[in-house]
Every structure is written in structure tokens, then in C-alpha cells.
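Each remark here refers to the structure printed beneath this line.
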Amino acid sequence: MVKDINRYITRCFDLARMGAGSVSPNPMVGAVLVYDNKIIGEGYHQKYGGAHAEVNALASVSLSNRPLIPESTLYVSLEPCCIFGKTPPCTNLIIQEKIPRVVISCLDLTPEVKGRGVELLRAHGIEVTTGVLEKEGQALAATRNVSVSQQRPYVILKMAITSNGYFAPLDRSQFWITQTLTKRLVHRWRMESDAILVGTTTALMDDPQLDNRLYYGKSPLRIVLDRRLQLPNSLKVFSDGQPTLIITEREKSINSASHLHYLSMNFGETFWPDLLAILWREYKLGVILVEGGQKVLSSLIDTGLWDEARVLIGQKSLTVGIPSPTLPGSPEKNLKLGFDELKIYQHVQRS
Ligand SMILES: NC(=O)C1=CN([C@@H]2O[C@H](COP(=O)(O)OP(=O)(O)OC[C@H]3O[C@@H](n4cnc5c(N)ncnc54)[C@H](OP(=O)(O)O)[C@@H]3O)[C@@H](O)[C@H]2O)C=CC1
Ligand SMILES: Nc1c(N[C@@H]2O[C@H](COP(=O)(O)O)[C@@H](O)[C@H]2O)[nH]c(=O)[nH]c1=O
Ligand SMILES: [Zn+2]
């Protein structure tokens, strides 16, 4: 029985992941409806602003199976919403459809939901089980749950380092550390993020494209720090016609192209919390991938404003160079990627 429950929740997770890159700042959510140990409906949140997983799961039930709904169990990877957001509350639908049992992996930490969805269902006599494969469910909902509780995007630090711990050559020229195949994984991470951010020197020295060329799906918004608007217009992030947000303390340059957006702000002590709060509140960015350089990554680590770090270790080495940023603690995961290695660190926020 527990095995079956875990299997259905795992199916919810698999469905939820199909929304990666399309639903942020909403969470990835999957749902299955089960009658007599058979799945009769399943769905996931496919697009930001679109129908929720529960709605899609119920809509997928065939006409002949519809009478079974009031005798079925709904499995959902995240607590059903009980608020009017872009769509009506899923709790209303579950109550209307007379679903007698709901099994949930983890709670939605959106302040207006946060357990109220569960309470509402129980108040209507629905049997609710929570906490099934909770750790996996929380990992899937982490970007959403961190952003709604911290009022800022979920921040992923990404860096490539040499086998002997260097980040870049001393002259700051571009030095490719990882194998070609790893690049495709990085482009997948880009697709799954709402924005990529880099520092001024990285934009200048690497002239990166910062787009998703090697995986399916969208490219994220590019964010470049350019305090004094000193970077040349010829850089790819400014000249390829795709959108870039430039963070500066100057006023927007007159005559700028329409794909270039400017955010003028103070580069003082509270720069990072101020910037992240604006990116969440005004730009609705739920996940940011920070791709360097060393100064930008180190200053985010120092302020504690990061949630996850993905460190790629290549086989190449440098005899001298800029040392890699130092992360506190030890990695939660160590993975082998062909000739490269990937270490994933999680940063537990003080809330
Ligand atoms: N191995 C890897 O994964 C990567 C390596 N690189 C390499 O790293 C090198 C560049 O790194 P690095 O020199 O550290 O430069 P960064 O790309 O981190 O840019 C740093 C500059 O950004 C500006 N800046 C504005 N606000 C901030 C802030 N709050 N915190 C930090 N910087 C801020 C400053 O310039 P100003 O004072 O002018 O405002 C600062 O000097 C290059 O060699 C590049 O090839 C880059 C990315 C990834
Ligand atoms: N050197 C290095 C990386 N560098 C990162 O990749 C950016 C280039 O992006 P693009 O121009 O879109 O391909 C560059 O500015 C920096 O952020 N990444 C890696 O996976 N491995 C590497 O060895
Ligand atoms: Zn909902």
C-alpha cells in the first residue's frame, strides 16, 4: 500500500518536471487521479498563468470514467491552492467534484496557502494525507517555496573550476574548463531558469551569449552588471537583438535599442538584497542562474543570498590563476559527468 502511494506521488513528480522552464515563478506541480489502483487521470502545470495540475488531471478523465471521480483518490505533488490567483482555487474544484481522498507530498509555502488548502479540504470532510516523499516534493517546489518566503528569486550559483581549484587565468582571459557535453547540461539549466546574471568583467572578457542554444525550450533573460555603462555595445549580449537587462547606477542611455532594458539603482551595501527584491517584485523572476565571475559569485556567497551552487570540475589545470569562490559546508551531491564532476551544494536559509 505504502509502495503504491509512493509510486503515484513519484508519478506526480515526473509529470511536474515536464513544466520545467515554463511555469516559473509558479511551482512545477503534477497530479494523478486513481480509482481502484488504476490511474484514470493525470496532469501537470504546463505554463505560467495556465491551468493547475489538479485541473488538468480532472479534465483528462474520460467521459466514461467521470462517474468514478467521487470514489477516487487525488495525488498531488504540492498542497492544492485555496486562493484566486491567475486561476480559481483548486480546493473548490476538489470539493465540487466530491473527491473523497487527497494525498499530498509537501505544503505550498505561499503565505496565503501554507496549510490552509489542507485545512479547507479537511473542513469539507475530505481525508487528507500529507508528507508523502516530502523531501523530494520539497526539492521540486524549492524554487517557489524559497522565493515566496524570502521575497526574492531562488539563486543558483554556477561555476566551472579546474581540477586544482582555479576559476580563471590571472589575466582574466576566457579559459574553457569543462568538456563539450557538459555545455549541453548548462544550457538545460539555462532553459530551466528565468534569468542568467553575470558581472561586468565576465561580460567584457568572455563576450558570452548567455542563451540556450543546445537544449530545447526558451532562453532566459540576460542580466549584466554595468555600473557605469562602460561595456561596449558590440558585446553579443547587447548586439544580438535578444533581451538583456542592464543594471547600472547611471540613467538609461538615450538611443538604446528596444531589446535593451535598464534598471538604475544604487550600488551601495544593500545592492544584492535590493536588486533581488526588485527582480522578484517587478520582473517576476523566480529562478536566477548566476554564471560568474569570481567577484560576483564571491560577493553573493558573502551576503548569504544564494540557495544552491552547482560546481563543475573539469580535468584541465592551471599553474596559476584566480582561485575559485569558496562555498561553506560540503556538497550534498557528487556526480560524475563523463570526464567532469558536478558537486551540488544547498544553502539552508535562515528564514
Ligand atoms: N570558471 C567559470 O565558471 C567562469 C569564469 N569566468 C572568468 O572569470 C573572470 C571574470 O571574473 P571577475 O574578474 O571576478 O569579474 P566579474 O565578472 O565577477 O565582474 C566583477 C565586476 O562586476 C562589477 N560589479 C558590480 N557590482 C558588483 C557586486 N555587487 N559584486 C561584484 N562585482 C560587482 C565590478 O565592476 P565595476 O567596479 O566596474 O562596477 C566588478 O569588478 C574572467 O576571466 C572569466 O573568463 C567567468 C564566468 C564563469
Ligand atoms: N569557462 C567555462 C564556463 N564559463 C561560462 O560560460 C559563459 C559562456 O557562455 P556562452 O557564450 O553562452 O557559451 C561564460 O561567460 C561563463 O559564464 N562555463 C562552463 O560550463 N565551463 C567552462 O569551462
Ligand atoms: Zn491550484
Side-chain angles (χ1 to χ4, degrees), residues 142-143 145-162 164-172 174-175 177 186 189 193-206 208 210 220 222-228 230-231 245-249 263-281 283 285-313 318 320-334 342-351:
T143 58
N145 280 344
V146 165
S147 56
V148 286
S149 15
Q150 310 275 329
Q151 295 291 297
R152 61 160 176 82
Y154 184 87
V155 175
I156 303 171
L157 309 179
K158 177 248 155 179
M159 63 190 93
I161 64 173
T162 64
N164 56 342
Y166 287 115
F167 184 78
L170 281 180
D171 66 0
R172 291 181 157 73
Q174 190 182 35
F175 178 70
I177 297 167
V186 172
W189 296 344
S193 305
D194 298 326
I196 309 183
L197 183 146
V198 294
T200 315
T201 312
T202 296
L204 182 69
M205 298 303 287
D206 291 4
L210 304 179
R222 299 173 301 198
I223 304 178
V224 176
L225 306 186
D226 189 6
R227 186 176 187 166
R228 287 174 288 276
Q230 65 195 8
L231 290 171
L245 176 64
I246 299 143
I247 313 298
T248 177
E249 63 183 9
L263 171 62
S264 299
M265 58 179 285
N266 195 314
F267 275 59
E269 275 203 358
T270 58
F271 172 75
W272 286 117
D274 293 348
L275 174 63
L276 293 175
I278 295 172
L279 295 179
W280 167 250
R281 201 174 57 237
Y283 291 81
L285 300 175
V287 185
I288 294 195
L289 186 65
V290 181
E291 289 211 30
Q294 205 266 2
K295 286 186 185 156
V296 161
L297 290 165
S298 298
S299 81
L300 273 166
I301 294 167
D302 289 347
T303 57
L305 289 170
W306 62 284
D307 302 293
E308 194 180 318
R310 300 178 184 171
V311 182
L312 293 161
I313 304 164
L318 282 166
V320 284
I322 302 172
S324 74
T326 313
L327 287 156
S330 41
E332 206 158 276
K333 280 189 192 156
N334 289 286
L342 170 61
K343 291 186 186 295
I344 302 182
Y345 293 72
Q346 297 289 346
H347 187 220
V348 181
Q349 296 293 337
R350 311 165 295 270
S351 59

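If you're wondering where the values come from, they're calculated on a predicted model, not measured in any experiment.
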Task: Counterpart residues, side chain to side chain contact (heavy atoms under 4.5 Å, CB included), relative to N266 (two or more places apart) - done: none
TODO: Could you list the residues that satisfy side chain to side chain contact (heavy atoms under 4.5 Å, CB included) with N164, not counting sequence neighbours?
DONE: T162, Y166, S317
Open item on the list: Applying ring pair (Phe, Tyr, Trp, His ring centres under 6.0 Å), can you list everything that pairs with Y283, at least two apart in sequence or on another chain?
Closed with: none
Open item on the list: Donor-acceptor check, side chain of D226 to backbone of I246, threshold 3.5 angstrom: yes or no?
Closed with: no
- [ ] Report the residues that fulfil side chain to side chain donor-acceptor pair (under 3.5 Å) with T270, sequence neighbours left out, ordered by chain and then residue number.
- [x] D274
Task: Any donor-acceptor N/O pair, Q294 side chain to P323 backbone, under 3.5 Å - done: yes
Task: Partners meeting side chain to side chain contact (heavy atoms under 4.5 Å, CB included) with A309 (sequence neighbours left out) - done: L157, W306, L327, Y345
Task: Set of side chain to side chain contact (heavy atoms under 4.5 Å, CB included) partners for T143, sequence neighbours left out - done: Y154, V287
Open item on the list: To the nearest 0.5 Å, what is the distance between CG on D206 and CD on E291?
Closed with: 10.0 Å
Open item on the list: On a heavy-atom basis, which atom in P208 and which in A203 lie closest, and how many Å separate them?
Closed with: CD-O, 3.6 Å
Open item on the list: What I'd like to find out is whether the side chain of L276 reaches to under 4.5 Å of the side chain of P153, using heavy atoms alone.
Closed with: yes
TODO: Could you grab the distance from atom CG of L342 to atom NZ of K333, nearest 0.5 Å is fine?
DONE: 9.0 Å
TODO: Give the minimum heavy-atom separation between L285 and A195, together with the two atoms involved.
DONE: CD1-CB, 3.9 Å
Task: From Q150 atom CD to D307 atom CG, the distance as rounded to the nearest 0.5 Å - done: 7.0 Å
Task: Min side-chain heavy-atom separation S264-T248 under 4.5 Å - done: yes
TODO: Search all heavy atoms of I177 against all heavy atoms of A160 and return the closest pair with its distance.
DONE: CD1-O, 3.4 Å
- [ ] Applying salt bridge (Lys or Arg N to Asp or Glu O under 4.0 Å), name anything that partners R227, two or more places apart in sequence or on another chain.
- [x] E249
TODO: Can you see which heavy atom on S193 is nearest to which on L289, and at what distance?
DONE: OG-CB, 3.6 Å
Task: For I196 against P220, the heavy-atom pair lying closest together - done: CG1-CG, 3.4 Å
Task: Heavy-atom pair of closest approach, residues F167 and P325 - done: CD1-CD, 3.7 Å
Open item on the list: Nearest 0.5 Å, please: how far is CG in L197 from CZ in R222?
Closed with: 13.0 Å
- [ ] May I ask you to test the V296-V198 pair for a side-chain heavy-atom distance under 4.5 Å?
- [x] no
Open item on the list: Check whether T202 reaches the backbone of G293 with its side chain - one donor and one acceptor, N or O, closer than 3.5 Å.
Closed with: yes
Task: Inter-residue atom distance L225.CG - L263.CG, 0.5 Å rounding - done: 10.5 Å
- [ ] Side-chain contact test, heavy atoms from C-beta onward, threshold under 4.5 Å: evaluate it for I247 versus I223 and give yes or no.
- [x] yes
- [ ] Using a 4.5 Å cut-off on heavy atoms from C-beta on, say whether the side chain of D171 contacts that of M205.
- [x] no
Open item on the list: Can you confirm whether E269 is buried at CD, in the sense that more than 12 heavy atoms of other residues, nucleotides or ligands lie under 6.0 Å from that atom?
Closed with: no
Task: Heavy-atom side-chain contact between V290 and V155 under 4.5 Å - done: yes
Open item on the list: Restricting to side chain to side chain donor-acceptor pair (under 3.5 Å), what partner residues turn up for W272, sequence neighbours left out?
Closed with: S299
TODO: Kindly compute the distance separating CZ (R172) from OG1 (T201), expressed to the nearest 0.5 Å.
DONE: 6.5 Å
- [ ] Please tell me if the side chains of L318 and F175 come closer than 4.5 Å, counting only heavy atoms from C-beta onward.
- [x] yes
